[in-house]
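Chain identifiers are assigned alphabetically (A, B, ...) following the order of the sequence lines, protein sequences preceding nucleic acid strands; residue numbering begins at 1 within each chain. Values reported hereafter were calculated over all heavy atoms of this structure, with side chains retained and with hydrogens, waters and symmetry mates removed.
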Amino acid sequence: MEAPPVTSMPVTGGAVNMMEYLLQGSVLDQALESLLHRLRGLSDNMDPETFTDHELVYLLKGQQGNPFILRARRSLSHPTSPWHLRYLGQPEVGDKSRHALVRNCVDVAASHSLPEFLNEMGFRMDHEFTANGHIFRKGVMKIVVSKLSRILVPGNTENTERLSLSYLVELSVLAPAGQDTVSEDMRSFAEQLKPLVHLEKIDPSKQRH
Amino acid sequence: FVSFRPSVLDNFALLSGQLNTINKLLKNEKTPSFRNQVIIPLLLSPDRDEDLAKLTEQRVPVFSHEIVPDYLRTKPDPEVEEQEKQLSVEAARIGPEVAQKQIQTLNKLCSNLLEKLNNPRDDRDSESAAIRQSKPSFNPADTNALVGAVAFGKGLSKCRPPGPVAPGHPGQGPMMSGGPTLQQVTIGGGSGQQAGMGGPVGPQQQGQPGKIPSSIKTNIKSASGSMHPYNR
């Protein structure tokens, strides 16, 4: 299960504002082995870690404006682990020279009653998918190579269908707001994965069309 | 023209990556100057040291007198040191102008080589050019499709709100007054991404742009009265 560091302070006033720095790319199935080989060499020495997760995206519609989005994730390979709930803010605009996508990020762990709880609060599930693949770490950087599949029958995670013939590759760092060296380090790591994968800052709102 | 197997290139890339990391660590201002540090072995033993083996990823299982000359070395071999001294003498002998000219020649050679590597000429062996182009390792359209899926569910089935669900026909249920949805089901526009999927797409909905029945179009129309910031 993805386990980014949860802030040790309670999420009430005064908590550290964590930002997620993100670079994304993809790799075709046939090049996956080369990429994993390269990542194993570049990352910190750890046993290769695989994961299978199920993510559900919930929306809460307000009176007006954009709906509030929460992402709930659970591990299918470790079913007893807690659920993981994440809020991601809008990408920070402004500094075009910054190399990574930066957005506010709040992570909490939750019990297995999370879906019912969200429903009771008025959230509705918009879509869900399963992700399985590999995780690597280098220092604070996390690299996730995942195969995404759509769930054909809601709630049935056995019956899935791949979304694409490529794996999604994401390089991310969770850091307190204001640390600008992070994106430099990410960029130099991304350089080392070329030309296998081009990791770049992709603005999600541009992908709507 | 030598063709390199991908694994060889990979290993080169790994080497380059690790050298980068080492360089960065050495340049870090918090790194003490190694010239001022002295390392003295306190204990040599022919026995295997498990902690050390684990720390060095099995590269140094035993800290014995055999490994000391290599791992704790501070100077090159005498022959190498001699060669280096000769080179320094030679360099001092030739004088600054000659040296400068040699530097310029070297720089020119390097930039010529770089240019040749970066811009393959057409009269080069067409086969090697074809090999280079026919093995892309990623597809930008796939990247966009995957990012869209993760960011707002593009290409993923919209979910109906909880209620009477007919199992096996998730595409046909009526869209009740439940929440807003993030995506528009674009019949024509979606086919661009989904053409990339070669996998076995069963006779089920949501994966087949052409098969989505018009009921979904109708459903979206009925919901469009409410606030849909993500609509186009």
Within residues 17-30 of chain B, the residues sitting under 4.5 Å from chain A by heavy atom, in sequence order, are B:G17, B:Q18, B:N20, B:T21, B:K24
A side-chain contact here means heavy atoms from C-beta on lying under 4.5 Å apart; do B:L14 and A:R38 qualify?
yes
More than 12 foreign heavy atoms under 6.0 Å from [atom1] of [X]: is that the case here?
{"X": "A:Q30", "atom1": "CD", "value": "yes"}
{"X": "A:E116", "atom1": "CD", "value": "yes"}
{"X": "A:E120", "atom1": "CD", "value": "no"}
{"X": "B:R35", "atom1": "CZ", "value": "no"}
{"X": "B:L106", "atom1": "CG", "value": "yes"}

Nearest 0.5 Å, please: how far is [atom2] in [Y] from [atom1] in [X]?
{"X": "B:T143", "Y": "A:L168", "atom1": "OG1", "atom2": "CG", "value": "8.0 Å"}
{"X": "A:L199", "Y": "B:F138", "atom1": "CG", "atom2": "CZ", "value": "9.5 Å"}
{"X": "A:S164", "Y": "B:N139", "atom1": "OG", "atom2": "CG", "value": "7.5 Å"}
{"X": "B:S137", "Y": "A:L196", "atom1": "OG", "atom2": "CG", "value": "5.0 Å"}

Sequence neighbours excluded, the answer for salt bridge (charged side-chain N to carboxylate O under 4.0 Å, His left out) partners of A:D29 is A:R162
Most heavy-atom pairs under 4.5 Å with chain B, out of A:R71, A:E191, A:K194, belong to A:R71
At a heavy-atom separation under 4.5 Å, does [X] approach chain B through its side chain, its backbone, both, or neither?
{"X": "A:K138", "value": "side chain"}
{"X": "A:Y167", "value": "backbone"}
{"X": "A:L88", "value": "neither"}
{"X": "A:V27", "value": "both"}
{"X": "A:R40", "value": "neither"}

Tightest non-hydrogen contact, residues A:S166 and B:L146, listed as O-CD1, 3.7 Å
Nearest heavy-atom approach of B:P136 to A:L28 is O-CD1, 3.7 Å
I'd like to know if the side chain of A:R150 reaches the main chain of B:G155, judged simply by a donor and an acceptor atom lying under 3.5 Å from each other, with no hydrogens or angles considered.
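Here the side-chain-to-backbone pair exists.
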